[in-house]
Amino acid sequence: MINIHIDSEQCHLIVEGHAEYAPKGQDIVCAAVSALAQTLAAHPCCSSRVDYGRLHVWAERPMKEIYKAFEIGLCAIARQYPGHVKIGGVQ
């Protein structure tokens, strides 16, 4: 299970775990979540770090609309694959 914690007020995202939807290298759920989270983390207005298998991403306030778009995408994946992605902390 991929666990995602979203703090919309602070524009902070934490992603951890594995979807276990398909074998390693074929897991489309992991690939989708990873692509969204890593794209946000790579944005020049974001900071990120990985610790103990968790990806933390912080967006600056001017990024709120872009951050919200990523939040919508992650929530859509969680709705489509509820047994593999869990979202918590959405405000």
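What you see is a predicted model; the values in this text were computed from it and never measured.
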Those residues at least two apart in sequence (or on a different chain) that pass ring-ring contact (aromatic ring centres under 6.0 Å, His included) with H56 are H12, W58

Indicate every side-chain donor-acceptor pair of residues 40-47 with a distance under 3.5 Å to a residue at least two apart or in another chain.
{"from": "H43", "atom 1": "ND1", "to": "C45", "atom 2": "N", "distance (Å)": "3.0"}

Residues pairing under salt bridge (charged side-chain N to carboxylate O under 4.0 Å, His left out) where one sits in residues 43-53, two or more places apart or in two chains, turn out to be R49-D51

Problem - Within-4.5 Å side-chain heavy-atom neighbours: E71 and S8 - result: yes

Test side chain to side chain contact (heavy atoms under 4.5 Å, CB included), reference Q10, set D7, I6, L13, output is D7

Smallest heavy-atom separation, I87 atom then A78 atom, equals CG1-CB, 3.4 Å

Here the salt bridge (charged side-chain N to carboxylate O under 4.0 Å, His left out) pairs for residues 34-48, sequence neighbours left out, are none

Applying ring-ring contact (aromatic ring centres under 6.0 Å, His included) to Y21 and not counting sequence neighbours gives Y81, H84

Sorted by chain and number, sequence neighbours left out, side-chain contact (heavy atoms from CB on, under 4.5 Å) with E65 holds for none

Residue set satisfying side-chain contact (heavy atoms from CB on, under 4.5 Å) with E16, at least two apart, ordered chain then number -> N3, R54

Joint hydrophobic cluster, V50 plus I14, side-chain heavy atoms closer than 4.5 Å
no

| said: Could you go through L36 and V15, starting from their C-alpha distance and side-chain angles, then the distance that decides it, and tell me whether this counts as side chain to side chain contact (heavy atoms under 4.5 Å, CB included)? | reply: CA-CA 11 Å; L36 282 173; V15 180; over 6 Å; no

Salt bridge (charged side-chain N to carboxylate O under 4.0 Å, His left out) pairs touching residues 19-39, sequence neighbours excluded, are none

**Neighbour count above 12 (heavy atom, 6.0 Å) for K64 NZ** = yes

For V57 and A37 the tightest heavy-atom approach is CG2-O, 4.2 Å

Closest non-hydrogen atoms of Y67 and A59, given as atom of the first, atom of the second and distance, are CD1-CB, 3.9 Å

Sorted by chain and residue number, the side-chain contact (heavy atoms from CB on, under 4.5 Å) partners of S34 (sequence neighbours excluded) come out as Q38

Shortest non-hydrogen pair, I4 vs L74, comes out as CD1-CD2, 4.1 Å

Those residues at least two apart in sequence (or on a different chain) that pass side-chain hydrogen bond (donor to acceptor under 3.5 Å, both in side chains) with R79 are none

